[in-house]
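When a residue number appears, it is its place in the shown sequence, counting from 1.
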Amino acid sequence: QVQLVESGGGLVQAGGSLRLSCAASGRTFTNYAMAWFRQAPGKEREFVAALNWSGLSTYYADSMKGRFTISRDNAKNTAYLQMNSLKPEDTAIYYCASGRGPFYSGSDYSRTTGYNYWGQGTQVTVSS
């Protein structure tokens, strides 16, 4: 059974930083790309960042470029999202997701349909 467990969320002031972790189990971690999405109240789930199986190819939503960094430690079966210069509009539940293979085809990385397993989410709240 595949499980993704996020941690590291919390309350932070604007301009602050948080590091989210996503611990994966149940299948060979290195066989799959990973990603982070987020969902704010009343809004659709949106793409944040993704990376392929090795971590050498990374993808970001435009609004996160330069502030967020996605990475993975394949020895620990864990993906990370380092978030810096946080803004109140970053407030959301952050979800990690496991892809359908080691690589992405086209822009599949940004679509929720590109993933078949999801974590339960971790709340990030940025105060102004």
_Contact between L18 and V124 at the side-chain level, heavy atoms closer than 4.5 Å - yes or no?_
yes
_Side chain to side chain, F47 and Y59, heavy atoms closer than 4.5 Å_ = yes
_In the structure I gave you, are the side-chain heavy atoms of Y60 and V48 within less than 4.5 Å of one another anywhere?_
no
_Is the positively charged end of R100 above the ring of Y115, judged by distance under 6.0 angstrom from the centroid and angle within 45° of the axis?_
no
*Within-4.5 Å side-chain heavy-atom neighbours: Y109 and S107*: yes
_How long is the straight-line distance from CD of Q82 back to CG of L20, given to the nearest 0.5 Å?_
8.5 Å
*What distance separates S21 OG from E6 CD, expressed to the nearest 0.5 Å?*
10.0 Å
_Candidate list W118, Y94, Y95, test ring pair (Phe, Tyr, Trp, His ring centres under 6.0 Å), partner F37, passing option_ = W118
*Mind listing the closest non-hydrogen atom pair of A14 and S128 along with its distance?*
CB-CA, 4.4 Å
*What's the spacing between L51 CG and S71 OG if we round to 0.5 Å?*
7.5 Å
*For residues F29 and R72, report the shortest heavy-atom separation together with the two atoms involved.*
O-NH2, 2.9 Å
*Considering only heavy atoms from C-beta outward, does the side chain of L86 approach that of F68 to under 4.5 Å?*
yes
*Considering non-hydrogen atoms only, spot the tightest contact between E46 and M64 and give its length.*
OE2-CE, 4.3 Å
*For S85, what residues pass the side chain to side chain contact (heavy atoms under 4.5 Å, CB included) criterion, not counting sequence neighbours?*
R67
*Please round to the nearest 0.5 Å and tell me the distance separating atom CH2 of W36 and atom CE of M83.*
8.0 Å
*From L81 atom CG to C22 atom SG, the distance as rounded to the nearest 0.5 Å*: 10.5 Å
*How many angstroms lie between atom OG1 of T78 and atom CG of D73, to the nearest 0.5 angstrom?*
6.5 Å
_With a 4.5 Å cut-off on side-chain heavy atoms, are S98 and R27 touching?_
yes
_Modelled atom types, side-chain donor and acceptor of S17 and N84, under 3.5 Å_ = yes
_Between T125 (side chain only) and T91 (backbone N and O only), is there a donor and an acceptor less than 3.5 Å apart?_
no
*Minimum heavy-atom distance L4-A24, with the two atoms named*: CD2-CB, 3.5 Å
*asked:* Can you tell whether the side chains of K87 and D90 come within less than 4.0 Å, N to carboxylate O?
replied: no
_Heavy-atom donor-acceptor pair, T28 side chain to T30 backbone, under 3.5 Å_ = no
